[in-house]
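Here the structure is laid out as structure tokens; the discussion comes afterwards.
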Protein chains: 2
Amino acid sequence: MGRKVIDNPNVCSLVHAMNVIGNKWKPILIYLLANGSLRFGKLLMFTPTISKKVLTEQLRELEEDGIIIRKKYAEIPPRVEYSLSKKGKALLPILKSLSQWTQDSYNEIEFEACRIVTL
Amino acid sequence: MGRKVIDNPNVCSLVHAMNVIGNKWKPILIYLLANGSLRFGKLLMFTPTISKKVLTEQLRELEEDGIIIRKKYAEIPPRVEYSLSKKGKALLPILKSLSQWTQDSYNEIEFEACRIVTL
DNA sequence: AATAGTGGTTACAAAATGGTAACTAATGGG
DNA sequence: CCCATTAGTTACCATTTTGTAACCACTATT
């Protein structure tokens, strides 16, 4: 009589979604790209305290998962533009509703800690 | 000329939401409680490979964040029932749409890895 | 007196994630 | 020949997260 397992495709898909977007930086990066493409340098500026290394890693993973598109121009100095793919854009309303959920569920004081993190 | 910062309340709230649900076990636990309360032992059984220690930690954090309710009965052997709070229930449609997003965006092969994890 | 059952706790270890600082490649301009 | 610019890479380290195994408290049952 072994341990029961999850074979629920909904739970499985949810786990997958979390693997794709559920970490410290990815939802922020996706949100930043909501209004169009941005260059590496801009993403670095707009994402406070992220390092080049970690930004590169996160962008690579998002690209692998088909969330963003990386367009490299053959210029010197280099120019690279990141934008949301169709999959990525489909995520926006969901991220918006998550954001809204926080705003509906917690008052200012309760998530003050978050404000500090992002200042 | 310092680095720019995020003061967007939407991004901030999204970060908060991810702090609350964006890890390996929490979305699964919330999903498991979608259809009513479950005892500690059942949650342990239905969440493959989670350890008692980690399950306890996750449940405590979800309780602190107001997502679940812990009801302890004064019985021997002990009985503890976990259920979703109002905040927790409000999360369900969002988790469902995340799950749906995966199912719309990735084919079976692409998230086969996830199936293996949950078997 | 020993054991089972439930919901934990504890000390410890391993793995995953995130961070720092220095370095690189390629080219135009002074 | 040196410097600036951009988008990285590299080696190394710190922190956070997750996991393992043993133990505990309380009572009923054998």
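In what follows, chains carry the letters A, B, and so on, assigned in the order in which the sequence lines appear, proteins first and then strands, with residues in each chain numbered from 1. As the structure is a computational prediction, the values presented were derived from the model and not from experiment.
Taking 4.0 Å as the cut-off between side-chain N and carboxylate O, B:K26 and B:E61 count as a salt-bridged pair.
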Go through B:L44 and B:K52 one step at a time and tell me if the side-chain contact (heavy atoms from CB on, under 4.5 Å) criterion holds. CA-CA 7 Å; B:L44 193 62; B:K52 280 181 168 190; 3.8 Å; yes

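When each of B:I50, B:L59, B:I28 is tested with B:L43 by the rule side chain to side chain contact (heavy atoms under 4.5 Å, CB included), just one qualifies, namely B:L59.
Between the B:S85 side chain and the B:G66 main chain, a donor and an acceptor come within less than 3.5 Å of each other. In terms of modelled atom types and a separation under 3.5 Å, the side chain of B:S37 and the main chain of B:S83 share no donor-acceptor contact.
For B:K24, no side-chain nitrogen or oxygen approaches OP1 or OP2 of C:dA16 to under 4.0 Å. Residue B:R39 has a polar side-chain atom (N or O) positioned under 4.0 Å from OP1 or OP2 of C:dG7.
If you take CD of B:E75 and P of C:dG7, they are 10 Å apart, rounded to a whole angstrom. Separating the CG atom of A:L44 from the P atom of C:dA21 is a distance of 14 Å, rounded to the nearest angstrom. To the nearest angstrom, P of C:dA25 lies 12 Å from CD1 of A:I76. Distance, B:Q58 CD to C:dG7 P: 18 Å, rounded to whole Å. Taking atom OH of residue B:Y73 and atom P of nucleotide C:dG7, one finds them 12 Å apart after rounding to whole Å. The distance between atom CD1 of B:I68 and atom C1' of C:dG7, rounded to the nearest whole Å, is 14 Å.
Taking the 5' to 3' direction, DNA chain D first and last meets chain B under 4.0 angstrom from a heavy atom at D:dT18 to D:dT27.
A:Y106 and A:W101 have perpendicular rings, their planes meeting at more than 60° on a 0 to 90° scale where under 30° would count as parallel.
Both B:F40 and B:V54 belong to a common hydrophobic cluster when Ile, Leu, Val, Met, Phe, Trp and Tyr are linked at side-chain heavy-atom distances under 4.5 angstrom.
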Pairs: protein N or O with nucleotides 8-10 of chain C N or O, under 3.5 Å:
{"residue": "C:dG8", "atom": "OP1", "partner": "B:R60", "partner atom": "NH2", "Å": "3.3"}
{"residue": "C:dG8", "atom": "OP1", "partner": "B:R70", "partner atom": "NH2", "Å": "2.4"}
{"residue": "C:dG8", "atom": "OP2", "partner": "B:Y82", "partner atom": "OH", "Å": "2.7"}
{"residue": "C:dG8", "atom": "N7", "partner": "B:K52", "partner atom": "NZ", "Å": "3.2"}
{"residue": "C:dG8", "atom": "O6", "partner": "B:K52", "partner atom": "NZ", "Å": "3.3"}

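From B:I68, atom CD1 reaches atom CG of B:L84 across 8.0 Å, with rounding to the nearest 0.5 Å. Annotation: the span from A:C12 atom SG to B:Q103 atom CD amounts to 8.5 Å, rounded to 0.5 Å.
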